[in-house]
Amino acid sequence: MFSKKHSNSTNAINAINAINAINAINAINAKNATNAINAIHFLKTLLKLYNIFMITVKERSGKVHYVEGPREVRAILRRLNILENTVLVVKGNELLTPDRMVEDGATIELIPVISGGMKCRVCNETAVIGIPRHNAAFCKGHFKEFFKKQVLRAIKEHSMFKRDDRVLVCVSGGKDSLVLWDVLTELGYHTEGLYIDLGIEGYSEKSKEMALKSAERLKRRLIIRDFSKECGPIKDVARRGGRTDCSACGTVKRHYFNKVALEGGFDVVATGHNLDDEASRLLGNLLRWQWEYLGRITPVLEESEGLRKKVKPLCRLTEHEIATYAFLRGIEYIVDECPMSKGSTSLLYKEALNRIELKSPGTKHYFYQEYLRSAVKRLSGTVAFSTRRCSICGMPTSEEVCSFCRLTERFSKVS
Ligand SMILES: [Zn+2]
Ligand SMILES: [Zn+2]
């Protein structure tokens, strides 16, 4: 986000000066096209410092932001921490959808959609969020109540844990896990956080800071495990192990979640997976008919020999609702997506489901809930359980050496 540094008249004068400068350079380098292009790039960068050639975003409140372009509407809103469903984005007379690209130099205007129109279902006050799949809207206070009720309902419906169980919450520094930690603590459960440092450049440091801030605010212990110190940055480990970044990251996280839970005597491991995560995973596995995974997309993975119980208490809530809750509770979290997950197929499935949801509210919820109610039992027989123990670390595995040890062993042999 960029603050307004100069008045528009100063900007205009700077622009004229800069254009004159470009013309002058163009004239000098008329025979040298490459130099001229470089000079223009340089000046464009310079102009950006003065908010010229930036995207101007005007809010109805009179607030003005400058964002570097070209950029998708969705990315602009994310950058400004504004929820997609809460504003109309207008350029001149044109209404822009979240996937539209906005060029440098353009001006767009944000018009709030929820202003006096929607009323809270409980108290009739002005709503801050509409929830079409429940045909409801809520004010700040009643939304937080609705949110907690959905979490409690998931915990009870799926017998996730009891009042006095010790819950290990896996926190990444993103909104889902930090909201989960916050809401479970608010509901009075015994929680502690676990953060695993994977050594992702430009990401891990910031996400760890967010996790620490939450620990401080909640006055709960945060357990930190530094994988990158033991084995090196996850990117290198994945490359040397011949695995994709996301698959290596998943293997490492699963290993530590279970290890720390066993060592620390926790009853259950809770992760921040939400309705969007679960529904998109289900869709992805269905599209490829991956039978071995289909029976495992459940809000609870029961305890078995050497494996702690794993639960997903946010499985009834969408990303949009979780982001709203984080905002209302003032929870700071890392907004950027993990740089390693860019272009992952799960984002594509999420977008597809969101498009369907927009036209037919409730589809996402129904797709996942009906699967849990009627389909998962028929599929669970297809799941193979691991009965052996890893010869290196002792964790349950279906092979001689577990996937974590294979990943990190190969790494240590090469290096
Ligand atoms: Zn209300
Ligand atoms: Zn192992």
Side-chain angles (χ1 to χ4, degrees), residues 83 85-86 112-153 168 170 183 186 194 196 198 225-232 234 236-238 240-243 247-264 269 301 303-308 310 317-318 320-330 384-415:
L83 299 172
N85 310 13
T86 63
V113 284
I114 310 171
S115 61
M118 268 195 244
K119 298 283 188 198
C120 173
R121 183 162 82 178
V122 186
C123 70
N124 223 26
E125 286 293 312
T126 302
V128 295
I129 184 170
I131 303 184
R133 75 170 185 285
H134 290 294
N135 200 13
F138 295 105
C139 69
K140 265 187 207 175
H142 287 120
F143 171 67
K144 284 189 233 170
E145 228 167 75
F146 160 84
F147 194 93
K148 285 182 194 168
K149 267 189 204 158
Q150 293 297 319
V151 174
L152 275 178
R153 188 164 165 192
L168 180 66
C170 304
V183 72
E186 271 276 298
L194 168 62
I196 300 154
L198 295 163
R225 283 300 179 94
D226 199 333
F227 169 79
S228 63
K229 225 178 221 166
E230 287 171 34
C231 303
I234 186 78
D236 300 349
V237 176
R240 289 177 217 212
R243 302 265 297 271
S247 118
C249 172
T251 297
V252 169
K253 281 181 172 172
R254 273 191 298 277
H255 176 83
Y256 278 99
F257 291 171
N258 195 49
K259 193 167 179 234
V260 174
L262 287 171
E263 285 170 0
V269 177
L301 286 176
E303 186 166 29
S304 60
E305 185 62 30
L307 279 177
R308 273 287 176 265
K310 275 167 78 183
L317 292 153
T318 63
H320 178 208
E321 288 148 18
I322 294 167
T324 307
Y325 188 84
F327 177 77
L328 294 177
R329 289 275 302 153
F385 285 102
S386 4
T387 45
R388 299 166 70 174
R389 290 298 186 122
C390 168
S391 60
I392 298 172
C393 74
M395 292 286 179
T397 172
S398 49
E399 286 161 83
E400 167 74 21
V401 175
C402 81
S403 125
F404 176 82
C405 289
R406 267 181 285 142
L407 179 72
T408 49
E409 273 292 297
R410 194 176 296 183
F411 166 74
S412 57
K413 267 178 217 154
V414 174
S415 62

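All ligand and atom numbering here is 1-based and tracks the order in the structure.
When you scan the N, O or S atoms of His142 for the one nearest the Zn ion (ligand 1), you land on ND1.
Remark: at the Zn ion (ligand 2), atom SG from Cys405 and atom SG from Cys402 enclose 110°, rounded to the nearest 10 degrees.
For the atom pair Ile196 CD1 and Ile234 CD1, the distance stands at 9.5 Å (nearest 0.5 Å). Rounding to the nearest 0.5 Å places SG of Cys170 at 8.0 Å from NZ of Lys310.
For the residue pair Ser403 / Arg254, no side-chain donor-acceptor distance below 3.5 Å is found, with atom types taken as modelled.
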Could you go through Glu399 and Arg406, starting from their C-alpha distance and side-chain angles, then the distance that decides it, and tell me whether this counts as salt bridge (charged side-chain N to carboxylate O under 4.0 Å, His left out)? CA-CA 10 Å; Glu399 286 161 83; Arg406 267 181 285 142; 3.3 Å; yes
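Within the coordination shell of the Zn ion (ligand 2), defined by N, O or S atoms under 2.8 Å, Cys393 is present.
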